[in-house]
A.B. asks: 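Quick one: the structure is below, questions incoming.
Protein chains get the first letters and strands the later ones, always in sequence-line order, with residue 1 at the start of each. Computed from a predicted structure; not experimentally measured.
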Protein chains: 2
Amino acid sequence: MGVTERKEREKTEMRELITAAAMKMFLEDGYAKTSIRGIADAIEYSPGTIYLYFKDKDELLYEVQADAYGRLFEVFKKEATSTDPLEKLNQLARAYINFGLNNPELYDLMFIIRAPMNVDEELHKVNGANCLNFLIDCLTDCINKDLLRMTDVQQATLQIWSTVHGLVSLNLRCRLKIMVESEEAVPLVLIKTMEDYLAAVTK
Amino acid sequence: MGVTERKEREKTEMRELITAAAMKMFLEDGYAKTSIRGIADAIEYSPGTIYLYFKDKDELLYEVQADAYGRLFEVFKKEATSTDPLEKLNQLARAYINFGLNNPELYDLMFIIRAPMNVDEELHKVNGANCLNFLIDCLTDCINKDLLRMTDVQQATLQIWSTVHGLVSLNLRCRLKIMVESEEAVPLVLIKTMEDYLAAVTK
DNA sequence: TTTGGATAATGAACAACGTTCAGTATATTT
DNA sequence: AAATATACTGAACGTTGTTCATTATCCAAA
């Protein structure tokens, strides 16, 4: 009686089909400009069908968010590999900033877009926490080895996250136009500012 | 022949009537949840009338934004009064954070909401630049007196702005739920983190 | 004071949106 | 083969921002 299992499999396959199409369109046009009707068209189903698999557009956002956190975590693991805690912290911060610059629409729906945060969500919590823990672990290491001017890990985490998120999000909302002369200078300026910050808080 | 002048006055009065109603509703419900029809109802005019004074909803946003920058500037002038540059910087950062916590919807439409930034806009540019220059002047003072671990004013400005904006905006999007235990602890934690940061970059 | 042309305001109409649901088609079980 | 359960549809609802022909109001000239 493998029929119920096949049904189950088809159900998750359909969810993944929808999620994949949504991710593609969110990346290209952003969350707001992507319509349910558009997603339905892309996968050649009726709009109503999507609501058989997702409660509403927000639930679709959460699904894509979880995926996005996974991607960021992969980038972290790939880019921040140094055994030197300070160097690793630098790599981590660079990776974060570059991720934001290279995937603006993705960064948007992960950290900027307005959507009630259901922290209870399993996948979301896990992947989001993975990214955060990567930073926390790195900072714990730095602080234990007395390399930074901070002693509290939570405070240090908040500081560095706020700094890099601030840089990326202000840029994404064009608020740095007044300060940074040319558009193509932005990546370098952001990285430089972050490194200046790290240098300042390094013992 | 004061008729053209009266017409002019009535025109700006109408604009202000609309702007005031928009500001009120943006503050209460946010930009997205405020409809043109709602604003029209509030001032007892037809929806179409609003379009005789504003090109679209975004132009209304710009008007309110300019107003909001003015408010922030007033807060700066009122709160950051110390003659000690470092203390003044601290006051400035506190004022910024508190402004964001006390006026979440306003902060949202000033710095987070998606809207094409027409930096050419007069009022907008002036008020926005006022706020930024307040910070730049303060930091210039600090750096000239060799009180900070940075030498470049632009970098320093970017650093501090990113940090406080990062703190406020991450909190506004509920991203600190994972890190900060209780909701009411947030203001203290944000201020503490900012002060830790300032302490770290102070010589 | 009446008339004619500018100006101001209206509100119905349009297209697009998220979402729902009665109805239809397909698949599974009896 | 019939009855039941499941999957899907697409028209419809209530919003939204925005437009525009129509109507009302005002002001200057006759």
A.B. asks: Between D:dT19 atom C1' and B:I50 atom CD1, what is the distance in whole Å?
C.D. replies: 14 Å

A.B. asks: Expressed as a whole number of angstroms, how long is the span from A:E13:CD to D:dC8:P?
C.D. replies: 12 Å

A.B. asks: For D:dC8, does OP1 or OP2 lie under 4.0 Å from any side-chain N or O of A:T49?
C.D. replies: no

A.B. asks: Does any part of the side chain of B:I97, heavy atoms only, come nearer than 4.5 Å to the side chain of B:R94, both counted from C-beta?
C.D. replies: no

A.B. asks: Choose from D:dG17, D:dT18, D:dT9 the nucleotide whose nearest atom is closest to any side-chain atom of A:L52.
C.D. replies: D:dT9

A.B. asks: Measure from CD1 on B:I39 to P on D:dT18 and round the result to the nearest Å.
C.D. replies: 11 Å

A.B. asks: For DNA chain D, whose closest nucleotide is more 5', that of A:R37 or that of A:E44?
C.D. replies: A:E44

A.B. asks: Go through C:dT19, C:dT10, D:dT16 for me and flag the one nearest to the B:Y45 side chain.
C.D. replies: C:dT10

A.B. asks: Can you measure B:D58 atom CG to D:dT16 atom P for me and round it to whole angstrom units?
C.D. replies: 17 Å

A.B. asks: With rounding to the nearest 0.5 angstrom, report the CG to CG distance, A:L139 to A:N144.
C.D. replies: 10.5 Å

A.B. asks: Can you tell me how far C1' of C:dG18 sits from NZ of A:K55, to the nearest Å?
C.D. replies: 12 Å

A.B. asks: I need the CD-P distance between A:E10 and D:dA7, as an integer number of Å.
C.D. replies: 9 Å

A.B. asks: Around atom CD of B:E13, are there more than 12 heavy atoms from other residues, nucleotides or ligands closer than 6.0 Å?
C.D. replies: yes

A.B. asks: So, OP1 or OP2 of C:dT19: does either fall under 4.0 Å of a side-chain N or O from A:Y51?
C.D. replies: yes

A.B. asks: Specify the separation, in whole Å, of atom CE of B:M14 and atom P of C:dT7.
C.D. replies: 17 Å

A.B. asks: Of the non-hydrogen atoms in A:A200 and B:V201, which two are nearest, and what is the gap between them?
C.D. replies: CB-CG1, 3.8 Å

A.B. asks: Return whichever of B:S46 or B:K11 has its heavy-atom-nearest nucleotide of DNA chain C closer to the 5' end.
C.D. replies: B:K11

A.B. asks: Could you tell me whether the phosphate oxygens of D:dC8, OP1 or OP2, come under 4.0 Å of any side-chain nitrogen or oxygen in A:Y53?
C.D. replies: yes

A.B. asks: What is the distance, rounded to the nearest whole Å, between atom NZ of A:K57 and atom P of C:dT19?
C.D. replies: 8 Å

A.B. asks: Once you apply a heavy-atom cut-off of 4.0 Å, does A:F54 come out as touching a base, just sugar-phosphate, or nothing?
C.D. replies: nothing

A.B. asks: Taking the minimum atom-to-atom distance to the side chain of B:I36, which one of D:dT18, C:dT10, C:dT19 wins?
C.D. replies: D:dT18

A.B. asks: Does B:F54 have B:R15 sitting over its ring (NZ/CZ under 6.0 Å from centre, angle to axis within 45°)?
C.D. replies: yes

